[in-house]
Amino acid sequence: MSKYQPQEFEDKWYSYWLQQQFFKSVPDEREPYTIVIPPPNVTGVLHMGHMLNNTIQDVLIRRARMKGKNACWVPGTDHASIATEAKVVAMLKDKGISKKDLTRDEFLKYAWEWKEKYGGIILEQLKKLGASCDWDRTAFTMDPHMSEAVIDTFINLYKKGWIYRGVRMVNWDPQGKTAVSDEEVIRKEVNQKLYYINYKVVGSESQKDGKTESHEDEKPQVVIGDDEKQEVLAVQDELLPDLPTPVLTDSKDYLTIATTRPETIMADSAICINPNDERYTHLHGKKVLIPLINREIPVILDEYVDMEFGTGCLKVTPAHDLNDYQLGQKHNLQVIDILNNDGTLNESAQILVGIDRFAARKKIAVMLEEAGSLAKTEDYKSQIGFSERTDAVIEPKLSMQWFCKMSEMAKSALDVVVNGEVKLIPEKFINTYRHWMENVKDWNISRQLWWGQRIPAWYNEKNEWVVAKTEEEAKAEFEKAGLTYTELRQEDDVVDTWFSSWLWPISVFNGIAEPGNEEINYYYPTNDLVTAPEILFFWVARMIMAGLEWRQEVPFRNVYLTGIVRDKLGRKMSKSLGNSPDPLDLIEKYGADGVRIGMLRSSPAGNDLMFDEEHCKWGSSFGNKIWNAFLLVKGWEVDDSLECPNNIAIEWFKSRFNQALVEIEDNFGQYRLSEALMSTYKLVWDDFCAWYLEMIKPAYQKPIDRHTYNVTISYFEDILKLLHPFMPFITEELWHDKLFGERGEKDCCIVAQMPANGEVNTQLISDIDVVISIIGQVRNVRSKNQLSPKESLQLSGKINSGIDYSHYIGVIQKLANVSEFSFVDAKVNGAVAFMAYTDEFFVPLELNIDVETEKKRLEDDKVYLTGFLKSVNAKLSNEKFVANAKPEIVENEQRKKADAEAKLAVVEASLAALAN
RNA sequence: GGGAGCAUAGCUCAGCUGGUUCAGAGCAUCUGCCUUACAAGCAGAGGGUCACAGGUUCGAAUCCUGUUGCUCCCA
């Protein structure tokens with residue numbers, strides 16, 4: 001064996017595990033332990049967030065497997081309708097094909113081809129990380145049975161009255177030409193301009209009762225600016241009235257509004273002022289004219305208007321602003337949509353038709369200025385929404401959408417988190433979760449895309465519609481309803497990807513179509529879900545809803561929320577910043593094991609991870625340490641004639657190991673994975689390598705006795721097991737070394753059983769703590785006096801405690817390089833002295849002891865101990881303390897007192913001796 | 001503007017139900033070692049008013065209130 005080179009064996013073991021089908025799970029009599037992967041976007045490539053997330057899942061699943069559970073980790077991807085469709089559209093564009101020229105089926109054919117070619121990349125990358133997923137179960141949200149589940153649940157909810165159609169203001173992405181959810185809108189602060197625009201007031205009172213006001217009695221007219229839909233709720237022509245020639249009784253009479261969006265003035269329906277605003281009482285009941293197009297709109301009153309902001313006059317544009325929309329509904333205003341789906345102005349705008357919204361903004365500013373209607377402009381900063389997928393500025397847009405009612409499902413989904421049926425880790429996310437669930441809005445589930453599950457709604461020529469699984473069933477529905485049709489047309493839109501993935505924990509086991517099947521009964525509910533807090537709401541919460549709805553049971557018991565992986569500067573890792581290392585490069589450089597533990601090290605649940613490559617380096621150093629410890633043991637020759645001199649070391653490590661086992665178990669129980677890793681790390685590096693191996697190590701080229709050798713090998717094997725979930729590759733590689741004897745085909749670390757808990761000799765552990773302190777102080781004496789470690793020293797001990805050092809002399813001599821150890825009854829003059837616990841030790845040196853330095857050191861000790869004792873005494877003499885504190889705490893204080901007094905006595909005696 | 005969270009060593013974070021003079025770990029820094037498993041190492045050292053101000057308590061990094069600063073979510 002040579003140096004530690006993880007790259008040399010990682011692929012080998014991964015293939016072997018696959019070949020032996022160790023990741024495979026089928027229901028059996030064992031207790032199941034199940035994780036479903038948060039399905040990564042099928043277009044995705046592995047990024048650091050996935051690395052962290054999947055490392056955690058793999059640690060959990062490997063540990064469960066080694067604890068005798070039937071571990072099942074279901075992998076897969078989601079179809080990511082927006083992202084995938086965008087990629088396919090881009091690919092087609094490169095080929096000179098426009099989506100518009102394709103039929104739905106043609107387009108989908110290209111999309112599937114694309115998916116087959118690129119869709120599996122991320123899963124292949126996970127294998128490099130060591131992910132022990134049951135790949136035979138790899139699922140895709142558009143697999144036939146998964147899609148069928150989506151359609152069935154859609155119909156089911158529709159029948160329940162929880163799915164409906166409605167006009168809503170949606171976040172429209174004009175580039176992706178799709179509605180996106182609030183969660184997919186990224187708000188950024190942007191420098192803008194505030195345009196101050198004058199609207200002429202229509203002055204004459206006589207006009208007030210005129211024809212133009214009659215619309216207030218009518219139903220509000222709504223224009224859906226969706227040029228892909230035939231369906232509009234009003235006829236556009238009605239919104240293109242003959243422009244009345246403005247008659248201004250007083251040309252100086254105008255009001256000024258402030259807006260960042262002058263291009264939308266053509267869509268204005270009113271000007272709103274605060275009724276309490278004394279500046280504008282003269283405008284009550286008046287009408288004004290929109291500049292450039294001279295359309296007349298009323299001045300309305302509402303306390304919603306902030307008198308402080310802008311001019312106090314608010315242009316109301318119901319079609320293009322959510323707040324204005326609500327205001328418009330309240331005041332029964334016209335809704336005029338002047339934008340096409342691609343962000344260009346439509347006919348309703350009357351001017352600048354066909355021009356992009358941003359170009360139109362610049363142009364209209366000039367036009368307004370020329371018309372004398374632009375009062376001024378000001379710089380202004382505000383938050384603008386951008387599409388997460390395309391980075392286009394989001395356009396609030398009215399659109400006919402499918403919605404899923406949330407209120408009832410949200411209530412149950414909140415209950416199970418509040419009552420602990422589903423635990424969020426860390427718990428602090430409960431508050432956020434509650435806040436969201438209590439303020440939940442209905443879920444907009446339609447997507448204006450083709451890639452995904454097509455909504456099972458069918459329309460006749462009159463746009464009357466029914467919901468049904470097939471065309472035949474739809475026809476039957478029509479007939480049942482007494483509606484006529486000549487031909488039916490299926491809804492073009494697909495449902496939101498989350499409407500597939502909320503079924504994930506159920507549908508991967510085909511639990512919708514066959515709710516009683518063996519797999520779903522065995523694996524569901526799953527155990528742990530590992531995901532990012534940013535999708536707590538729109539994925540986790542909805543999975544809980546779906547679980548309760550279709551299985552009357554939560555989908556998982558625990559939700560482990562990881563943090564966001566950031567760079568050293570705390571910036572989120574992103575492609576655009578280029579601050580994310582390529583995970584596969586990291587694996588190449590540091591080994592998968594090194595990267596895994598590097599990521600885990602400083603990422604407690606729910607906390608962001610400030611990623612630094614140094615962590616991976618640390619990880620691979622640890623691998624190196626284990627490797628070298630192994631080389632040491634492997635190099636030993638055994639001599640059967642030797643007695644075992646290492647009983648203390650052997651017994652001590654066994655106790656330490658068992659102690660650590662409990663700690664690690666406890667850490668896992670609380671999902672403190674980094675703590676569990678650190679406990680393991682310290683056990684291996686400090687206790688095993690630095691102390692145990694040094695204690696038992698035979699002198700150079702000397703053989704070791706059989707007993708120590710065998711025990712050490714079994715310790716090593718136990719350590720490999722403990723390490724395996726964190727570092728699967730190096731542990732498997734070493735597991736198969738001849739050192740451990742012949743291994744059968746199936747005898748692998750990955751399926752070995754975790755060591756069972758054993759006894760802990762706490763007395764021995766605390767004795768060895770003292771021994772370790774003695775060794776450290778002897779080394780320190782050497783170091784302070786610039787003596788070589790090779791130079792052996794003499795050591796005498798004046799024992800005041802009850803510790804029986806006779807057992808430990810050997811260890812002390814070996815590790816502190818002490819040639820002679822003796823017990824003394826009195827202080828040794830002219831020697832360097834130190835204390836360990838309450839015992840005194842002396843190292844005679846052939847040099848002058850600086851009395852003053854020694855005195856100083858003892859004085860310092862004395863000050864410390866006196867202070868310590870004082871604080872302890874203060875507590876113990878405090879009646880309230882003795883009365884209120886728990887008995888074991890009082891007891892502990894008494895022990896502290898006794899110890900401190902003993903130590904202080906020793907220090908004082910030493911000082912007295914020095915004074916002589 | 002509304003809600004939530006965070007603030008501990010140069011950095012990243014522990015510190016769990018208040019209870020050793022409690023202020024800890026790793027990394028980084030500094031000093032000394034190429035001591036034959038490991039320089040990806042070994043032996044040592046320095047480093048913090050636990051953001052600030054009050055309060056509760058016998059006792060506060062820990063609980064409460066306020067202030068400041070940062071982050072996230074929502075409008």
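The figures that follow rest on heavy atoms only: side chains count, while hydrogens, waters and symmetry mates do not. The chains referred to below are lettered A, B, ... by the order of the sequence lines, with proteins before strands, and numbering in each begins at 1.
- With a cut-off of 3.5 Å on both pairing distances, the Watson-Crick or G-U wobble partner of B/rU67 is B/rA51.
- Regarding A/I626, its CD1 atom lies at a distance of 18 Å from the P atom of B/rA37, rounded to whole Å.
- For the C1' atoms, the distance linking B/rU21 with B/rG59 amounts to 14 Å, nearest Å.
- With B/rA37, B/rA28, B/rA40 as the choices, the nucleotide that has an atom nearest any side-chain atom of A/S620 turns out to be B/rA40.
- B/rG59 makes up no base pair with any nucleotide shown, lacking Watson-Crick or G-U wobble contacts both under 3.5 Å.
- Summarising the base pairing, B/rG44 is matched to B/rC30 through a Watson-Crick or G-U wobble pair whose two defining distances lie under 3.5 Å.
- Using C1' as the reference atom, B/rU56 and B/rG66 are 15 Å apart when rounded to the nearest Å.
- With hydrogens and angles ignored, no donor-acceptor pair closer than 3.5 Å exists between the side chain of A/K875 and the base of B/rC58.
- Taking atom P in both B/rC22 and B/rU67, one finds a spacing of 35 Å when rounded to whole Å.
- Checking A/K682 against A/T680 by side-chain atom types alone, no donor-acceptor pair falls below 3.5 Å.
- With hydrogens and angles ignored, a donor-acceptor pair under 3.5 angstrom links the side chain of A/E694 to the base of B/rA37.
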Worksheet entry | Verdict with reasoning, A/E694 to A/K814, per side-chain contact (heavy atoms from CB on, under 4.5 Å) | CA-CA 8 Å; A/E694 292 298 335; A/K814 186 168 184 177; over 6 Å; no

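- Within the 4.0 Å cut-off from OP1 or OP2 of B/rA75, at least one side-chain nitrogen or oxygen of A/K441 is found.
- For A/K790, no side-chain nitrogen or oxygen approaches OP1 or OP2 of B/rC34 to under 4.0 Å.
- In summary, A/K896 and A/E893 engage in a salt bridge, as defined by a charged side-chain N under 4.0 Å from a carboxylate O.
- Pairing for B/rU12 is with B/rA25, a Watson-Crick or G-U wobble pair whose two hydrogen-bonding atom distances lie under 3.5 Å.
- For the C1' atom pair drawn from B/rC42 and B/rA37, the interatomic distance equals 12 Å after rounding to whole Å.
- Of the charged side-chain nitrogens involved, at least one lies within less than 4.0 Å of a carboxylate oxygen, so that A/E395 and A/R261 count as a salt-bridged pair.
- Of all nucleotides present, none satisfies the Watson-Crick or G-U wobble test against B/rU17 with each distance under 3.5 Å.
- With respect to A/E613 and A/K589, a salt bridge is recorded, a charged nitrogen being found less than 4.0 Å from a carboxylate O.
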